[in-house]
2 protein chains.
Amino acid sequence: MSGIRAQQKEKTRRQLIDAALGQLSSERSFSSLSLREVAKEAGLAPTSFYRHFSDMNELGLTLVDEAGLTLRQLMRQARQRIEKGGSVIQISVVTFMEFIESNGNIFRLLLRERSGTSAAFRAAVNREVRYFTLELCDYLQQANKLNADVAFLQADAAVTIVFSAGSDALDVDKDDRQQIALRTIQQLRFIARGAAEFSNRGLKSKT
Amino acid sequence: MSGIRAQQKEKTRRQLIDAALGQLSSERSFSSLSLREVAKEAGLAPTSFYRHFSDMNELGLTLVDEAGLTLRQLMRQARQRIEKGGSVIQISVVTFMEFIESNGNIFRLLLRERSGTSAAFRAAVNREVRYFTLELCDYLQQANKLNADVAFLQADAAVTIVFSAGSDALDVDKDDRQQIALRTIQQLRFIARGAAEFSNRGLKSKT
DNA sequence: TAAAATAGTGTACACGTGTACACTGAAAAT
DNA sequence: ATTTTCAGTGTACACGTGTACACTATTTTA
């Protein structure tokens with residue numbers, strides 16, 4: 001009843017996922033991993049791989065889901081910290097930088113597959129990023145009482161800036177990362193300030 | 001003296017470059033190309049490849065240079081148009097979108113190799129993008145009389161936003177691209193507005 | 001308790017890869 | 001006119017790949 005068999009299966013499935021994630025690095029992308037490599041790293045015979053995923057593509061999409069999950073943990077943590085007070089922008093950026101530092105491989109996966117060669121991957125990553133953006137959009141609309149259109153534009157721009165900064169921060173030492181964080185905070189302030197101005201005056205329609 | 005030999009060599013070298021560029025697409029990245037494929041597409045025996053490049057890596061870096069060249073043409077064209085008057089931001093974005101449309105593969109190359117697995121590639125792409133950013137920074141400083149630090153932050157943010165928009169615009173139809181252009185223009189206005197405000201007041205140092 | 005299901009193994013195969021090597025023929029140098 | 005250089009060819013090899021297939025051992029079902 002406990003399903004000692006299903007339990008074991010789930011365990012080796014995890015081993016495959018972890019093996020794949022573990023092989024990612026700045027010089028190794030998911031698409032450069034082979035089924036055999038991943039199976040070997042997980043301590044499995046190559047053909048056993050098929051008991052869990054029909055091909056590497058399917059494993060990859062699972063990894064993207066996994067990454068989405070991590071992204072939501074990140075959001076939750078940022079929200080918690082913000083509730084305790086302080087600069088929203090600064091807290092968000094610092095939290096994101098911590099995420100990059102301890103989840104480099106996961107972030108790399110998102111970053112690369114977003115412009116990768118598989119339409120399914122691109123769609124999956126964009127779905128996660130969109131979720132992230134809409135969360136932020138809601139927050140901006142509510143907290144800053146912004147026009148809905150303006151809030152979306154701001155959220156979208158902010159996410160773009162932050163992800164790009166994350167990319168820059170991936171392979172850099174702590175000092176440089178700090179530098180990048182400061183730059184990013186200031187850029188987000190530009191955007192916030194501009195959005196606030198336009199929200200008051202209204203987006204221009206012509207001319 | 002005319003170098004009928006060197007002339008022919010240059011010609012087949014171009015064939016290799018064009019063959020590689022031509023094989024790029026939304027579902028085909030440079031790293032997924034094989035030496036044999038490129039040679040075949042160029043109408044060459046696989047081993048002849050080595051008469052021109054020591055390996056695919058070297059060809060790839062050549063392509064990045066090529067892409068940088070195209071990027072500068074883009075800047076030149078934008079500048080020319082701006083001189084004739086009109087909204088700087090709008091002209092820039094429209095020009096960039098045209099670039100995406102007619103040079104999709106080149107832009108894809110930059111986009112992907114910027115977060116790719118080769119440090120040399122990443123460095124080469126970042127070099128080109130930095131050049132692009134500094135050009136814009138100069139312009140902003142001069143035309144808008146901005147504080148140097150603020151101008152850099154604005155230029156960097158603007159380039160990030162525009163490149164990201166380019167990525168979004170790669171595989172969509174004309175209507176969607178128009179939509180993306182409008183969004184991008186508005187976001188750049190946010191940034192410009194925010195930068196102008198902060199340039200007047202000065203960036204805050206503490207608190 | 002007997003039968004069925006199934007996670008994992010090992011062997012085997014065809015395929016595409018990078019590249020070493022010996023070669024050819026025409027351009028360039030002597 | 002003779003020799004040298006060298007862009008391009010064709011053959012050959014070892015290697016890693018995905019995956020089909022027949023198998024084993026153990027859990028689950030009947």
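A, B, ... follow the sequence lines: proteins, then strands. Residue 1 opens every chain.
- Rounded to a whole Å, the CD atom of B:Q7 is 9 Å from the P atom of C:dA28.
- Counting any heavy atom pair closer than 4.0 Å across all strands shown, A:S34 reaches sugar-phosphate atoms only and no base atom.
- B:K11 has its NZ atom 14 Å from the C1' atom of D:dG8, to the nearest Å.
- Counting atom types as modelled, B:R51 pairs no side-chain N or O with a base atom of D:dC6 as donor and acceptor under 3.5 Å.
- Of the candidates D:dG18, C:dA27, D:dT9, D:dT9 carries the atom nearest the B:A45 side chain, counting heavy atoms from C-beta on.
- Rounded to whole Å, atom P of D:dA7 lies 13 Å from atom CG of B:L16.
- Distances shown here put every side-chain N or O of A:S48 at or beyond 4.0 Å from the OP1 or OP2 atom of C:dA7.
- Side-chain N/O atoms of A:R5 and base N/O atoms of D:dT28 include no donor-acceptor pair closer than 3.5 Å.
- For C:dG8, the OP1/OP2 oxygens have a side-chain nitrogen or oxygen of A:T12 closer than 4.0 Å.
- The side chain of B:Q8 approaches D:dG8 more closely than any other nucleotide in the set D:dG8, D:dT27, C:dG8.
- Under the 30°/60° scheme for interplanar angles, the aromatic rings of B:F163 and B:F107 are found to be tilted.
- In this structure, the nucleotide among C:dA27, D:dA12, C:dG8 sitting nearest to the side chain of B:R36 is D:dA12.
- Counting non-hydrogen atoms of other residues, nucleotides and ligands closer than 6.0 Å to CD of B:Q179 gives a total of 12 or fewer.
- Atom CD in B:E37 sits roughly 13 Å away from atom C1' in C:dC15 (whole-Å rounding).
- A donor and an acceptor atom sit less than 3.5 Å apart, one in the side chain of A:T47 and one in the base of C:dG10.
- For the pairing with A:T95, the side-chain hydrogen bond (donor to acceptor under 3.5 Å, both in side chains) check across A:R81, A:Q90, A:R79, A:Q80 returns one residue only, A:R81.
- Atom NZ of B:K40 is separated from atom P of C:dG18 by 13 Å (rounded to the nearest Å).
- If you take CZ of A:F49 and P of C:dT9, they are 14 Å apart, rounded to a whole angstrom.
- One finds a salt bridge joining A:D168 and A:R183 here, because a Lys/Arg side-chain nitrogen approaches an Asp/Glu carboxylate oxygen to under 4.0 Å.
- One can place NZ of B:K9 at 8 Å from C1' of D:dC6, the figure rounded to the nearest angstrom.
- Comment: A:R127 engages A:D65 in a salt bridge, judged by a side-chain N to carboxylate O separation of less than 4.0 angstrom.
- When the P atom of C:dT19 is taken as reference, atom CG of B:L59 falls 13 Å away, rounded to whole Å.
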